[in-house]
Every structure is written in structure tokens, then in C-alpha cells.
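One structure is given below, encoded as C-alpha cells.
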There are 2 protein chains.
Amino acid sequence: MPAASEARRPSPAAEPKGKGRGRRGTRASGDDRERAILETAERLLEERPLSEISVDDLAKGAGISRPTFYFYFPSKDAVVLTIIDRLVAAAAGSREEALATLAQGDPHAGLRRGLEDLYGAFRERRAVVLAAAELRTTNQEARDLWAEVMEGWVADVTAVIEVERARGAAPPGEPARDLAIALVQMNERVQYATFADESPSLADDRVLDVLVDIWLRAIYGTAEPG
Amino acid sequence: MPAASEARRPSPAAEPKGKGRGRRGTRASGDDRERAILETAERLLEERPLSEISVDDLAKGAGISRPTFYFYFPSKDAVVLTIIDRLVAAAAGSREEALATLAQGDPHAGLRRGLEDLYGAFRERRAVVLAAAELRTTNQEARDLWAEVMEGWVADVTAVIEVERARGAAPPGEPARDLAIALVQMNERVQYATFADESPSLADDRVLDVLVDIWLRAIYGTAEPG
DNA sequence: GAACTCTATCAACACTGTGTCGAGTGTGTC
DNA sequence: GACACACTCGACACAGTGTTGATAGAGTTC
């Protein structure tokens with residue numbers, strides 16, 4: 001059985017050459033293939049679940065043989081982790097923005113804007129979100145990456161709740177972090193169900209209304225915070 | 001690739017013999033092996049994830065060869081589905097009881113009792129819950145089974161919310177079913193995270209307090225319903 | 001322009017796991 | 001004692017993963 005941690009950076013030389021980690025010089029053909037593999041993976045994930053995509057599919061899609069695939073990535077999982085990294089980076093952008101909106105003024109509007117941005121960012125990459133969930137069940141690195149992301153959101157939400165309580169806008173109640181964990185996990189699950197079109201799931205255009213309603217009631221004790 | 005639907009009933013004769021579906025007569029040795037396979041699966045699932053358990057492991061554990069395993073079950077997934085069936089049946093018991101408690105009297109206490117029973121039933125079989133989640137990502141039958149379970153809970157909770165609104169105990173708000181979906185999915189996710197000991201997750205003894213608090217606020221608009 | 005290096009490529013291999021086939025072996029029954 | 005039937009497993013075919021080793025070509029370097 002392979003060791004727990006696999007490198008997902010496709011850099012051919014195992015350790016960073018020299019000290020910097022800049023891109024390779026003029027040499028380009030390798031980068032092209034790398035990109036072709038990533039694009040093939042994203043395309044195939046729109047069509048079918050990760051478990052039904054083989055290394056051979058990725059190689060064929062990128063116009064190379066299976067062994068050549070292993071020159072660029074150590075495994076199929078590494079490809080998907082690279083794709084998830086990008087999603088996470090994009091989502092981090094939305095988060096910054098959302099926090100800023102929330103900080104000044106009306107919590108209802110701010111919260112809705114925040115959840116909206118995040119939902120939008122994920123919906124745009126539905127296939128990647130579903131693949132991430134699938135990978136998490138078998139891959140420790142995927143679990144760690146997702147845990148890090150969740151921790152970030154929980155920390156943000158915890159801070160928001162504490163600020164609102166301190167300024168008297170929100171009543172005291174369960175520990176802010178506990179509340180934040182449950183709310184963030186609810187969002188994850190509800191959004192996933194909608195993306196996967198599960199059997200009980202919210203319609204796409206109902207997700208935000210319902211989530212915002214529950215967040216406001218959980219934090220402020222009412223849907224119309226003062 | 002195998003067809004979508006696999007039988008999980010281990011009965012050797014493909015179709016139910018005669019018309020009833022009673023157990024086989026005096027013949028016993030087969031049933032023993034079947035039970036041994038199921039017990040081995042449950043035991044191994046306490047030790048490691050489903051993806052790291054092979055058909056050979058199950059066969060060895062039950063003291064038979066791999067081909068013989070296939071005499072009893074069509075696949076590893078079928079074994080796990082049988083185990084999940086049992087969990088679901090046990091959980092259905094808790095649900096009946098919980099609804100009864102809820103029907104007469106204090107919603108706070110009733111709701112807490114209900115969520116408590118369910119949480120307890122699942123925590124007792126943590127390993128099976130985790131295996132079910134893993135299986136759901138690759139197995140359509142597992143998805144269908146789980147969807148059915150979720151639909152049942154959502155229907156119950158929807159009914160409770162509607163009754164509470166009709167009798168004026170709960171204020172109007174988002175459609176009852178939408179609210180129910182989000183709350184039930186929140187519970188699933190929060191409980192899973194705690195069972196899996198994920199990085200942001202609620203401590204075992206915090207789960208119920210936090211979930212009940214959010215449910216009450218979401219349904220009644222306050223944590224102290226009248 | 002011969003030797004040397006470094007990226008890139010793939011046929012062939014070794015291995016793990018799944019599921020099937022067909023040839024058994026024992027036990028009970030008519 | 002022969003027929004059926006439940007049960008068992010060695011041997012096979014197949015799909016997928018990851019590795020090895022040989023090689024091709026492009027770009028220095030002297």
C-alpha cells in the first residue's frame with residue numbers, strides 16, 4: 001500500500017531545483033501536456049464520476065500513453081488534487097470579498113452576499129466539488145485539504161458571531177465556534193445535495209433563501225436582525 | 001462495467017422459491033457462513049475503511065475461499081448494503097418512538113428526545129455509518145437506499161413543522177419541506193463529521209445541544225418555544 | 001560534429017483485485 | 001445406488017495501477 005502522502009505538484013524533478021521554485025525556462029511542450037491532462041480531467045468529470053475515470057482515460061484524452069502520464073503526475077488523485085487546489089483558491093477570493101461586505105453594515109444583506117458568492121463559486125465548478133467529495137472518502141491528502149478549507153470558514157464565521165454578540169446585535173447562546181461548525185457543515189451538505197441532484201435536495205433557486213434564513217435565526221434568534 | 005442494480009439479498013436461488021420468502025428449512029451450514037461474512041465485515045469496518053477491505057479479506061475472515069464468498073454474496077458492496085439495511089431498520093425504530101414523544105406535549109423536550117435517539121442509534125454503529133457514506137459515492141443502490149431514508153425523515157419533520165405552524169406554536173416562514181431538508185441534512189453532516197473525527201467537528205457531547213438549538217430557532221424563531 | 005545531458009516517450013512487465021467457470025465433494029432422499 | 005442439491009475451490013480472464021528500461025530527439029559543450 002502506498003504511503004499516506006503523495007506529492008501533487010507535477011514538477012518532474014522531485015525536489016525543487018536550486019532554491020527558487022520558478023517555472024521552467026523556454027521549454028514548453030511539457031507544460032502543454034500537463035495542461036492537457038488537467039483539462040481532460042475537468043472535461044471527463046463533467047461526464048462521469050471520478051471512480052469511472054482511469055489513468056488511461058486521462059492519458060488518452062491528453063494524447064499520450066499511460067506511462068507518460070506518470071511522468072507528469074504521480075497518480076490520478078494528484079491530478080484531481082491540483083484541480084481542487086484551484087477551486088479552493090477561487091473560493092478564497094469570494095470569501096475575502098464576502099467578509100468585507102459583512103463587516104460594514106446590514107448583517108442580513110452582508111450574510112446573504114457572502115453565502116451567495118460562495119455558492120456561486122462552487123456551482124460554477126459543480127463537477128469539481130463532486131469529485132472532491134468522492135476523493136475525500138479514500139484519500140487522506142484530500143481530507144486534509146478540505147479540513148483546512150472548512151477550518152478557515154469556521155474561524156471566519158466564529159469571529160463574525162463573536163463580534164455581533166459583543167456589539168449586542170446577537171444574543172448569547174451556544175459557543176460561537178460550535179454554532180459556526182454546524183452552520184458551515186450544513187451549507188456544505190445542502191449545497192452538495194443540490195449539486196448532485198440528490199433525492200431530498202433543495203431546488204437550486206431555494207438554497208440561498210433557506211440557508212440565509214437558518215443562519216439568521218441561529219445567530220440572531222430571528223430572521224430580521226436589528 | 002456491471003449493470004446498475006445488483007441484488008443484495010444473499011439467497012442462493014435467484015428468485016424467491018415458491019411464493020413465501022421464509023428461511024431455508026433445517027439446512028444450517030450455509031446460514032452460518034453468511035453470518036460469518038457479515039460479522040467479519042462489521043469487525044473489519046471497525047478497523048479500517050471499506051476501500052481497504054477486499055473480498056478476499058471477507059472470505060478469509062469467514063474461513064472460506066474467495067469463489068465461495070461469491071456463492072453467498074454477489075459482491076463486497078452487497079454485504080455492506082445488507083449491513084446498512086439493518087442499521088436503517090434499527091433507526092426506523094427510534095424514529096417511531098421519537099415521533100410519538102414529540103406528538104404529545106413540550107416540543108423542546110420532544111425534539112431533543114427524537115434527535116437524541118437517532119444520534120444514539122447511529123453512534124452505536126459508527127463504523128457502519130462511515131461505510132455507508134463511503135459506499136454512497138460509488139454505488140447507486142446505496143445512494144437510493146440512503147435517499148429513501150432521508151426522504152422519510154424529511155417527510156416526518158415537514159409534517160411536524162406544519163402541525164406546529166397550524167396550531168400557532170411556530171411562526172410562518174420558508175416552506176416547511178425546504179426547512180426540513182436543510183435541517184435533516186445538517187444533522188447528517190454534523191453527525192458524520194463527529195463520527196469521523198474530522199478536523200472541524202463538534203465534540204461528541206456538544207452535538208445534541210447545538211443541533212437542538214438550531215432546530216428550535218429555525219422552526220420556532222427562538223430557542224424557547226411556547 | 002562527436003560526445004554528453006536532459007526531457008520526454010512508450011512497450012513490456014509485475015502486481016493487486018474482481019468476478020466467472022467448471023470440476024469436484026459430501027449429505028440426504030427416493 | 002443413483003440422483004439431486006448445497007456447497008467448495010483451483011484456475012482462469014480481465015481491468016486497473018504503477019515501474020522498468022530502452023530509446024528518441026533537442027540543446028549544449030568542446
Side-chain angles (χ1 to χ4, degrees), chain A residues 1-8 10-15 17-18 23-37 41 44 48-80 134-135 138-139, chain B residues 1-8 10-15 17-18 23-37 41 44 48-80 134-135 138-139:
Chain A
M1 55 198 84
S5 128
E6 312 154 294
R8 67 173 164 283
S11 132
E15 293 300 319
K17 200 156 45 175
R23 290 276 75 194
R24 280 203 239 39
T26 38
R27 184 161 295 291
S29 135
D31 284 353
D32 288 348
R33 260 69 199 272
E34 191 180 310
R35 205 170 334 108
I37 292 170
L44 294 182
R48 50 184 198 269
L50 180 57
S51 57
E52 286 170 25
I53 297 171
S54 70
V55 170
D56 203 39
D57 293 333
L58 296 179
K60 287 257 171 54
I64 56 179
S65 71
R66 212 164 51 78
T68 300
F69 166 92
Y70 287 102
F71 180 78
Y72 292 101
F73 291 93
S75 67
K76 180 177 79 173
D77 287 6
V79 175
V80 179
E134 201 177 333
L135 195 60
T138 54
N139 183 294
Chain B
M1 53 197 87
S5 126
E6 310 155 295
R8 67 174 164 283
S11 129
E15 294 300 318
K17 199 156 45 177
R23 289 276 79 194
R24 279 203 239 40
T26 38
R27 184 160 294 294
S29 136
D31 282 355
D32 288 349
R33 260 70 198 273
E34 192 181 309
R35 204 170 336 108
I37 292 170
L44 294 182
R48 50 184 198 269
L50 181 57
S51 58
E52 286 171 26
I53 296 171
S54 69
V55 170
D56 203 38
D57 293 333
L58 297 180
K60 287 256 172 56
I64 54 178
S65 71
R66 212 164 51 76
T68 299
F69 166 92
Y70 287 102
F71 180 78
Y72 293 101
F73 292 94
S75 66
K76 180 178 79 174
D77 287 7
V79 175
V80 180
E134 201 177 333
L135 195 59
T138 54
N139 182 295

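Quick caveat, the model's predicted, so the values are computed rather than measured.
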side-chain contact (heavy atoms from CB on, under 4.5 Å) with B:Leu50: of B:Leu44, B:Val79, B:Leu135, only one passes, and it is B:Leu135
The side chain of B:Ile64 lies closest to which of these nucleotides: D:dC9, C:dA11, C:dT7? D:dC9
Side chain of A:Phe71 - closest among D:dC7, C:dT7, D:dC9: C:dT7
For B:Pro67, enumerate each residue passing the side-chain contact (heavy atoms from CB on, under 4.5 Å) test, keeping only those at least two apart in sequence or located in another chain. B:Ser65
Qualifying residues under side-chain contact (heavy atoms from CB on, under 4.5 Å), relative to B:Ala62, sequence neighbours excluded: B:Ala36, B:Ile37, B:Thr40, B:Ile64
Listing, residues 54-61 of chain A side-chain donor-acceptor contacts under 3.5 Å, not counting sequence neighbours, or none:
from, atom 1, to, atom 2, distance (Å)
A:Ser54, OG, A:Asp56, N, 3.3
A:Ser54, OG, A:Asp57, N, 3.1
A:Ser54, OG, A:Asp57, OD2, 3.3
A:Asp56, OD2, A:Lys60, NZ, 3.0
A:Asp57, OD2, A:Arg48, NH2, 3.1
A:Asp57, OD2, A:Ser54, N, 3.0

Taking [atom1] from [X] and [atom2] from [N], how many angstroms apart are they, rounded to a whole number?
X: B:Asn139; N: C:dT18; atom1: CG; atom2: C1'; result: 15 Å
X: B:Glu52; N: C:dG17; atom1: CD; atom2: P; result: 11 Å
X: B:Phe69; N: C:dG19; atom1: CZ; atom2: P; result: 8 Å
X: A:Asp31; N: C:dT7; atom1: CG; atom2: P; result: 13 Å

When you compare the protein's N or O atoms with those of nucleotides 12-17 of chain D, which come within less than 3.5 Å of each other, and at what distance?
from, atom 1, to, atom 2, distance (Å)
D:dT17, OP1, A:Val55, N, 3.3
D:dT17, OP2, A:Val55, N, 3.3
D:dT17, O4, A:Arg66, NH2, 3.3

Which heavy atom in A:Glu34 sits nearest to a heavy atom in A:Phe73, and how many Å separate them? CG-CZ, 3.9 Å
For B:Thr68 and D:dC9, is the shortest distance between a side-chain N/O and OP1 or OP2 below 4.0 Å? yes
